[in-house]
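See structure below.
Lettering of chains follows the sequences in order, A, B, ..., and the numbering in each one begins at 1.
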There are 2 protein chains.
Amino acid sequence: MTDATSGRGGVTSRRRGRPPRTESADTRDRILDAAREEFSERGYEKTSVRGIAKAAGVDSALVHHYFGTKEQVFEAAVEVAFAPALKVRDAVIEGPLDGVGERMTRTIFGLWENPVTRKPLLAIVRSAVNNEAAAAVFRRLVSAQLLRRIAGEIDAPDAELRAELAAAQLVGIAMMRYVIKIEPIASADPEQIIARVAPVVQGHLTGRYATDE
Amino acid sequence: MTDATSGRGGVTSRRRGRPPRTESADTRDRILDAAREEFSERGYEKTSVRGIAKAAGVDSALVHHYFGTKEQVFEAAVEVAFAPALKVRDAVIEGPLDGVGERMTRTIFGLWENPVTRKPLLAIVRSAVNNEAAAAVFRRLVSAQLLRRIAGEIDAPDAELRAELAAAQLVGIAMMRYVIKIEPIASADPEQIIARVAPVVQGHLTGRYATDE
């Protein structure tokens, strides 16, 4: 790590030239770690690029150099939480359609139960609820990248609404269990919840509705 | 309104004596209106008693005098949203058990679709997600006053968990439709959503599960 951009002072001289990817990867990761920590603890509005830079031990200019605006830092920071989520999506999509409800439920629960991925998820929820820029990121990532791809597997004219109703059941459980922590759902055995929720998710995705002709 | 406590200057002299309810009702209402506006626009953490007092045109001391701490102002402000919610609860409880899913879904939707009650609901959600004191208020009002009473009508050992899973479906829809505004669910016809969600809510509340012996 002798590259001029990897430390505190070297930014101004290299500001306009992107440093080679390999040499800067550590610094980028450190900034993203700090950003996830800040956004999940403080929410979007109270987090500043300066605070992220300080927590990462770099200059603010370096954060801007790599990521741009605060919104772009946020998007990059939470996108990492979506790397597993996109694997989820592939796991959900691949496999028989009559097991899609259980696969979707189980994988989303897996992300929330894992302390590593829970943090960026909390950051997304806490931020998206109070800030329109963060909400826009949420819509792009969750809606465009996750739900529409799941909807693409469902042969129904209202596939996107179905995917969103299924997601709403899981979002609501995440809110009550992990964010607001209402009992008894906050301490219930995950398997007990999955057993009850997977059929509901499946029903939203592939069930016949009374209103279907 | 000649009572000394109803204007800006009269507080100190009457500080320790509660003013007669009838004469102070207007001032209380004005403070609560301002509090709901502030909490729903800015969230719990960025709202101050001073800001509420300013918006209501009264002295901060008067706000403290009537309501106490910021948390107590918050609870009083959002409790008004729960007056209709408690009517909801009664409407949900009274009536045949096989229609409870539709009654619960329809009444919660009614609160969110009504601009007057939507504002305190947004204030509750935005605040509870980012602040533990507000989350505690949410737990007291939603969980203790609403869900446990609904659970009390259900003859099952896991009635509270059932009520919370049902509520989670509705909370998730509120998040996606009214808070984060993801399409197509944000613009979908409420009746279309109610038709799909009411049976799910009913199933959580009174359905037999595969895991039941």
Side-chain angles (χ1 to χ4, degrees), chain A residues 42-46 122 124-132 134-136 138-139 142-144 147 151 158-177 179-186 188 191-193 195-201 203-204 207 209-211, chain B residues 42-46 122 124-132 134-136 138-139 142-144 147 151 158-177 179-186 188 191-193 195-201 203-204 207 209-211:
Chain A
R42 308 163 72 83
Y44 185 88
E45 303 221 336
K46 288 205 287 184
L122 279 172
I124 296 167
V125 172
R126 294 215 160 102
S127 302
V129 163
N130 280 288
N131 180 277
E132 177 46 34
F138 185 95
R139 286 193 293 267
V142 173
S143 172
L147 297 183
D158 56 354
E160 283 188 23
L161 182 61
R162 285 170 174 268
E164 290 177 2
L165 289 168
Q169 173 74 77
L170 299 171
V171 165
I173 288 171
M175 282 284 288
M176 293 177 69
R177 178 176 170 91
V179 182
I180 301 175
K181 302 194 181 82
I182 291 181
E183 295 294 354
I185 202 171
E191 286 299 325
Q192 186 186 17
I193 302 178
R196 291 167 180 222
V197 163
V200 168
V201 171
H204 279 310
Y209 289 119
T211 48
Chain B
R42 310 163 71 85
Y44 185 88
E45 304 220 336
K46 287 204 289 184
L122 280 172
I124 295 167
V125 172
R126 295 213 160 104
S127 301
V129 163
N130 279 288
N131 179 276
E132 178 46 34
F138 185 94
R139 285 192 295 266
V142 174
S143 172
L147 297 183
D158 56 353
E160 283 189 22
L161 182 62
R162 285 170 173 269
E164 290 178 2
L165 290 168
Q169 173 74 78
L170 299 171
V171 165
I173 288 171
M175 282 284 288
M176 294 176 70
R177 178 176 169 93
V179 182
I180 302 176
K181 302 193 181 83
I182 292 181
E183 294 295 351
I185 201 171
E191 287 299 326
Q192 187 186 16
I193 302 179
R196 290 168 179 220
V197 163
V200 168
V201 171
H204 279 311
Y209 289 120
T211 47

Atom group of [X] that falls short of 4.5 Å from chain A, counting heavy atoms:
| X | answer |
| --- | --- |
| B:Ile193 | side chain |
| B:Val125 | both |
| B:Ala167 | both |

Worksheet entry | Under 3.5 Å: donor-acceptor pair, side chain of A:Arg126, backbone of B:Val129 |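 A pair under 3.5 Å: yes.
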
Discussion item. Please report the interatomic distance CZ(A:Arg139) to NZ(B:Lys181), rounded to the nearest 0.5 Å.
Written reply: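 If we round to the nearest 0.5 Å, A:Arg139:CZ and B:Lys181:NZ are 8.0 Å apart.
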
Discussion item. Measuring from atom CZ of B:Arg162 to atom CD1 of A:Ile185, what distance do you get when rounded to the nearest 0.5 angstrom?
Written reply: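 If we round to the nearest 0.5 Å, B:Arg162:CZ and A:Ile185:CD1 are 13.0 Å apart.
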
Item to complete: Counting only heavy atoms closer than 4.5 Å, note whether A:Leu170 contacts chain B via side chain, backbone, both or neither.
Response: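 When you check distances to chain B, no heavy atom of A:Leu170 falls under 4.5 Å.
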
Worksheet entry | Between A:Ile180, A:Val171, A:Val179, the one whose heavy-atom pairs under 4.5 Å with chain B are most numerous |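 Counting heavy-atom pairs under 4.5 Å, the top option is A:Ile180.
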
Worksheet item: Which heavy atom of B:Arg196 sits nearest a heavy atom of A:His204, and at what distance?
Response: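 Where B:Arg196 meets A:His204 most closely, the heavy atoms are O-CE1, 4.0 Å.
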
Item to complete: For residues A:Leu165 and B:Met176, determine if any side-chain heavy atom of one lies less than 4.5 Å from a side-chain heavy atom of the other.
Response: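 Result no, sub-4.5 Å side-chain heavy-atom pair not found.
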
Worksheet entry | B:Arg177 and A:Glu164, any side-chain heavy atoms less than 4.5 Å apart |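 SC-SC contact between A:Glu164 and B:Arg177 ruled out.
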
